[in-house]
Structures are given as structure tokens and as C-alpha cells.
Amino acid sequence: MAVKVLVFAGSLRRDSFNKKLARLVAKDAVKAGAEATFIDLADFPLPIFDEDVEKAGTPEIALRLKKIFIDHDALVICSPEYNSSITAVLKNTIDWVSRSAPGEQSLAAFHGKTALLLAASPGALGGLRGLVHLRSILGNIGVTLLPGQYAISTAHTAFDEKGELKDTKVAASIGNLVQQLVSVTSKLKSGG
């Protein structure tokens, strides 16, 4: 059975560099033999996580998003960097999706998943500082992270008018990381 990879960007902005990157990565995952699902967090308008809201009844949209996470084996997160960290929408998504329903395994949407972290930013570091925080958060909730990651600097010049990466070496490096994610996830799924 093919590895199922969920790909998304930690951004709501329509023309986000990270959404462009996520769409390309989803294609790379398919080339690597996986089933890939790209989602746009703008399609999942979650309230800010609040236990009072949760006690009144977890929003249906949060339950739907959590099921999508549970149904996939691996994650590729393309994360913008805001003030040297991750975006509020990405943290809020993680917070809602991490909540356990009664009788459900703790962190069911994250435990046992593998993940690849990518970033694209207009800055010189390409979003690396935010990936440090994201790596820490995901590692603490049971996600196995690929040691390799990639951050595209000067992202405002990295994509052509069709949304493709201009630098073929960068595209190949990211494609190789996606291939590694699919391979590692496949081995873990099969117990090898």
C-alpha cells in the first residue's frame, strides 16, 4: 500500500511562497510513489484554541482536519517564519489536531508519523529559525522528523510565473528529501 503524505503550508496568504512550495512538493511525493494530499489551511478556519471552546464541543472543522491527519502516514510542512518562529495559524492547527477524543490514543494524529520540514522566506536564512521551533514542537508530540530539511532564501525571486522553482538544483534537493521521506515512511510502515 502506498505511503500517504499530507502536504500543507503554515500560511493563509493566497500567494504564499510556502503554498507554492507545498504544491510542488505534493507532485514530488507522487513521483516518489506516494499518494499525496495538499491542503490549504485557509479552508479550515479554526478558532484560536481555547479549552472552553473545546468543552462546549470541538468544532466540526477541527475534527475534520484531525481525521485528515490521522488518515496520512507522513507530513510535509512548508513553514513561513514570523518573528523567528512559526506562524500563529500553524501553531493553532497543531494545537487543535493534537487534542485527544475520549478513548482515543493520546496524540493520535501525530504519534508514529514521519515528517519533512521545509521553509521559504524572503530573508537570507530562508526560514531556518522557525524550523527549529517547529522541529521541537513536533518531536515532543511523537513525530519522527527527517534530519534533512530545506529552507529557500530570497523566496520572492525563487519561483517563476508558473510557480515552479527557477533553480533546478534547489528543486532536485527538495525532491530528494521527499523521496527520503517516502522511503523512510514505507520502511517504518512495513516494520523494516
* Asked: Would you find more than 12 non-hydrogen atoms of other residues, nucleotides or ligands less than 6.0 Å from Asp160 atom CG?
  -> yes
* To do: Might you confirm whether atom NZ of Lys166 has over 12 heavy atoms from other residues, nucleotides or ligands at distances under 6.0 Å?
  =>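 Atom NZ in Lys166 is crowded, with more than 12 foreign heavy atoms closer than 6.0 Å.
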Do [X] and [Y] come close enough that some side-chain heavy atom pair is under 4.5 Å?
X: Ser100; Y: Leu107; answer: no
X: Ile77; Y: Leu138; answer: yes
X: Ile174; Y: Leu24; answer: no
X: Phe44; Y: Thr93; answer: no
X: Ile70; Y: Glu104; answer: yes
X: Leu128; Y: Gln149; answer: yes
X: Leu134; Y: Ile94; answer: yes

* Between His156 and Phe17, what is the ring plane arrangement, given parallel below 30°, perpendicular above 60°, and tilted in between? -> tilted
* **By ring pair (Phe, Tyr, Trp, His ring centres under 6.0 Å) - contacts of Phe110 (at least two apart)** => Phe69
Within the distance-only criterion (no hydrogens, no angle test), does the side chain of [X] pair as donor or acceptor with the backbone N or O of [Y] below 3.5 angstrom?
X: Ser186; Y: Val182; answer: no
X: Asp73; Y: Lys4; answer: yes
X: Thr87; Y: Leu90; answer: yes
X: Ser183; Y: Gln179; answer: no
X: Lys19; Y: Arg13; answer: yes
X: Gln180; Y: Leu177; answer: no
X: Glu35; Y: Ala2; answer: no
X: Asn140; Y: Ser136; answer: yes
X: Ser85; Y: Tyr82; answer: no
X: Trp96; Y: Pro47; answer: yes

* Asked: Checking side-chain contact (heavy atoms from CB on, under 4.5 Å) for the pair Glu54/Phe49: CA distance, chi angles, key distance, verdict?
  -> CA-CA 8 Å; Glu54 183 183 37; Phe49 180 76; 3.7 Å; yes
Would you list the atom pairs, donor with acceptor, under 3.5 Å between side chains in residues 115-125 and any protein atom, with sequence neighbours excluded?
from	atom 1	to	atom 2	distance (Å)
Ser121	OG	Gly123	N	3.2

Tell me the closest heavy-atom pair linking [X] and [Y], and the distance in Å.
X: Ala36; Y: Ala26; value: CB-O, 3.4 Å
X: Ala34; Y: Val5; value: CB-CG2, 3.8 Å
X: Lys113; Y: Ala108; value: NZ-O, 4.4 Å
X: Val3; Y: Thr185; value: CG1-CG2, 3.6 Å
X: Leu75; Y: Leu181; value: O-CD2, 3.8 Å

* Asked: Can Ile137 and Ile86 be said to form a side-chain contact (heavy atoms from CB on, under 4.5 Å), step by step?
  -> CA-CA 10 Å; Ile137 293 165; Ile86 65 172; 3.7 Å; yes
Inter-residue atom distance [X].[atom1] - [Y].[atom2], 0.5 Å rounding:
X: Asp43; Y: Arg64; atom1: CG; atom2: CZ; value: 8.5 Å
X: Lys66; Y: Ser98; atom1: NZ; atom2: OG; value: 8.5 Å
X: Asn83; Y: Arg129; atom1: CG; atom2: CZ; value: 9.0 Å
X: Asp28; Y: Asn176; atom1: CG; atom2: CG; value: 9.0 Å

Can you get from [X] to [Y] by hopping between Ile, Leu, Val, Met, Phe, Trp and Tyr side chains that sit under 4.5 Å apart?
X: Val76; Y: Phe159; answer: yes
X: Leu131; Y: Leu21; answer: no
X: Phe8; Y: Leu146; answer: no
X: Val25; Y: Ile39; answer: no
X: Val97; Y: Leu46; answer: yes

* Worked check of salt bridge (charged side-chain N to carboxylate O under 4.0 Å, His left out) between Lys27 and Glu164 -> CA-CA 11 Å; Lys27 292 177 192 174; Glu164 300 289 331; 3.7 Å; yes
* For the pair His72 and Thr37, evaluate side-chain hydrogen bond (donor to acceptor under 3.5 Å, both in side chains) and give the outcome as yes or no after the intermediate values. => CA-CA 9 Å; His72 287 79; Thr37 304; 2.8 Å; yes
* Asked: What's the verdict on side-chain contact (heavy atoms from CB on, under 4.5 Å) for Asp71 and Leu6, showing C-alpha distance, side-chain angles and the deciding distance?
  -> CA-CA 9 Å; Asp71 290 346; Leu6 179 62; over 6 Å; no
* To do: Go through the side-chain N and O atoms of Thr144 and Thr114 and say whether any donor and acceptor fall under 3.5 Å apart.
  => no
* Is it true that Arg99 and Asp95 have a side-chain N and a carboxylate O under 4.0 angstrom from each other? -> no
* Report the C-alpha distance between Leu165 and Ile152 in whole Å, list the side-chain angles of each, state the deciding distance to 0.1 Å, and finish with yes or no for side-chain contact (heavy atoms from CB on, under 4.5 Å). => CA-CA 10 Å; Leu165 286 166; Ile152 300 173; 3.8 Å; yes
